[in-house]
Amino acid sequence: MTEGAPDGGAMPALWPQSDGTPISCRDKLLVLQENHTELQGILRDAFEDAILMGVDEAAMRRILHDLVDSLRSPKA
């Protein structure tokens, strides 16, 4: 992993394809990096808001994990 935000969200050093080889197209890498940065900010804001409003931290982490786990592949 490469250096990330001060709060610990590191940008992946590489983005593996299903065969394990890394994505190498610069345009794709730019989109992936921009998405990572944007998502990191959104998740951080949602997490902090929930905690400040009294949601249990461990519960909020489970909620966010469940949200990611519920994502369906667009290939299906």
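The hydrophobic cluster of Leu52 has no other members, since no ILVMFWY side-chain heavy atom comes under 4.5 Å of it.
Between Pro16 and Gly20, the shortest heavy-atom contact is CB-O, 4.2 Å. Of all the heavy atoms in Leu29 and Ile23, the pair that sits closest is CD2-O, 3.6 Å.
With sequence neighbours excluded, the residues that form a side chain to side chain contact (heavy atoms under 4.5 Å, CB included) with Glu57 are Phe47, Ile51, Arg61. Asp27 is linked by a side chain to side chain contact (heavy atoms under 4.5 Å, CB included) to Cys25, counting only residues two or more places apart in sequence or in another chain. Judged as a side chain to side chain contact (heavy atoms under 4.5 Å, CB included), and not counting sequence neighbours, the contacts of Ile63 are Met60. Applying the side chain to side chain contact (heavy atoms under 4.5 Å, CB included) rule to Asp56 yields the partners Ala58, Ala59; only residues at least two apart in sequence or on another chain are considered.
Hydrophobic cluster membership differs between Trp15 and Val31, with clusters built from Ile, Leu, Val, Met, Phe, Trp and Tyr side chains linked at under 4.5 angstrom. Neither Leu39 nor Leu67 shares a network with the other; the hydrophobic side chains, linked directly or stepwise wherever heavy atoms of I, L, V, M, F, W or Y lie under 4.5 Å apart, form separate groups for each.
Distance CG/Leu32 to CG/Leu14: 11.0 Å, rounded to 0.5 Å.
Applying the 6.0 Å contact sphere to CD of Glu38 captures no more than 12 heavy atoms from other residues, nucleotides or ligands.
Pairs of residues two or more places apart, or lying in two chains, never qualify as salt bridge (Lys or Arg N to Asp or Glu O under 4.0 Å) while including a residue from residues 65-76.
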Yes or no on side-chain contact (heavy atoms from CB on, under 4.5 Å) for Glu34 and Leu30, after CA distance, side-chain angles and deciding distance? CA-CA 6 Å; Glu34 288 174 352; Leu30 180 62; 3.6 Å; yes
